[in-house]
Protein chains: 2
Amino acid sequence: MSLKHAILGFLSFSPAPMSGYDLKKAFDHSVRHFWPANQSQIYRTLAALTDEGLVAVDVVEREERLDMKLYQITDNGRTELHRWLSTPLPPQDCREPLLIQVFFGHNLTDTELLAVLQHEAQAIEERLALYAQIYTASLEMFNQEHGFDPRTLFLRLLTLEFGMISNQAGLDWLRAGITRLQAGDYTPAELHTLLGGNQEDNE
Amino acid sequence: MSLKHAILGFLSFSPAPMSGYDLKKAFDHSVRHFWPANQSQIYRTLAALTDEGLVAVDVVEREERLDMKLYQITDNGRTELHRWLSTPLPPQDCREPLLIQVFFGHNLTDTELLAVLQHEAQAIEERLALYAQIYTASLEMFNQEHGFDPRTLFLRLLTLEFGMISNQAGLDWLRAGITRLQAGDYTPAELHTLLGGNQEDNE
DNA sequence: AGATACTATAGTACAAGTGCTATATATTGA
DNA sequence: TCAATATATAGCACTTGTACTATAGTATCT
């Protein structure tokens, strides 16, 4: 389960032990663009990780208030994290409900279909704007934080780059589709226009 | 649930009623690149759709052999399908386990990280080759099948185009990342190189 | 001063969707 | 004879999501 390893990742990176609450914030601030996690999921997974001995809990009792549980990664946890990080993933299959709408879109009028596509295009534009904002904000933040390993920063920004590049590709696709639909131009695209994007010979 | 509507889509398109087995084949042949479905899931969902009155069953009894159930979409089913197809989807959030590996990749050596990335690049290349193959095959098949509505064909091919474009974008991203890692070049990308892909003014 | 809302903190219960595996049995093809 | 195709279903487990329950401090608004 990837969520387990994301949690291990945060714990392995953090110098101080973290509570479930801390982790929830960490997820929301830094990885929600590719791995959203909700509260209960995090607490459940922490419990499971504890059972498996991959993290260790320190229960901080506080008079009157609820206990606070602080989690640390164990040696076994680090080993498992390293194993998972360095193991290629099994092929993922994608799920794009929008494509179901397109595939069966012959049931709709042009107007109806265009409305759906344009709505989606707008949603992507908003997401792109948000990503761009987070990207520059991260850059600034890390510029100030002296001593932050540049390779670590690079890798984190790379995940944002992915979000932008792939959303931009989706937006390009949508726009081209919209244009063709509006023009009633149903000639299929040539293969070579679809493939071999930014060739930067890498072999 | 999108699967329900994909099934309704197939049933609404097919001139003849379909069995669960037929549907499984239809999924595998035409939409598995954006909505894979396994057998038990299809049968379960057909049962649910029947309960909801969106499809109607015709049980064909066959001596000796198991019964065969043939499904047809009902009027309610068509209405529901149309409603769903023409309603914009709530925002989807993406889940990319590879990005977890990248995000926490500072735990790995360059060699380890590169191995993971290159493995993924190769998987994407294979997928792209497969898509290209399916794309040309579909084109040929539909060229022969006279009387196939060109708009319908266009929309179906569009879903394949999406698969190719977005995988190509992912591949470009991977290659650029690999190159930068190999060169030890950790300077973040400029925003404008990430956004505003194929501008084809559409407003 | 009092009401209201938000943050910090941890959980529980339940449902939906998916995946994997196994069970049947008949026909057809190699 | 062995394998594949046609056909339907049941059971269990995993992951995620949604909503609800608690409680104490802090901040804000009137």
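All values reported here derive from a predicted model rather than from experimental measurement. Just so it is clear: chains get the letters A, B, ... in the order the sequence lines come, proteins before strands, and each one is counted from 1.
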Under 4.0 angstrom between B:K69 side-chain N/O and D:dT9 OP1 or OP2: yes
Nucleotide nearest B:S40 when distance is taken to its side chain, options D:dT7, C:dC20, C:dG19: C:dC20
Side-chain donor-acceptor contact under 3.5 Å, A:S19 with A:D22: yes
Distance test, side-chain N/O of B:Y43 to OP1/OP2 of D:dA8, below 4.0 Å: yes
Residue B:Q39, side-chain heavy atoms: nucleotide from D:dT16, D:dT7, C:dA10 that is nearest: D:dT7
Options C:dG19, D:dT9, C:dT9, nucleotide nearest the side-chain atoms of A:D22: C:dT9
Side-chain donor/acceptor of A:N167 to backbone N/O of A:M164, under 3.5 Å: no
Donor on one side chain, acceptor on other, A:T74 and A:N76, under 3.5 Å: no
Exercise: identify the closest heavy-atom pair between A:N107 and A:F104: ND2-O, 3.1 Å
Residue B:D93, side-chain heavy atoms: nucleotide from C:dG19, D:dG17, C:dG11 that is nearest: D:dG17
DNA chain C: 5'-proximal contact among A:R44 and A:Y21 (nearest heavy atom): A:Y21
5'-most by nearest nucleotide on DNA chain D - B:R95 or B:K25: B:K25
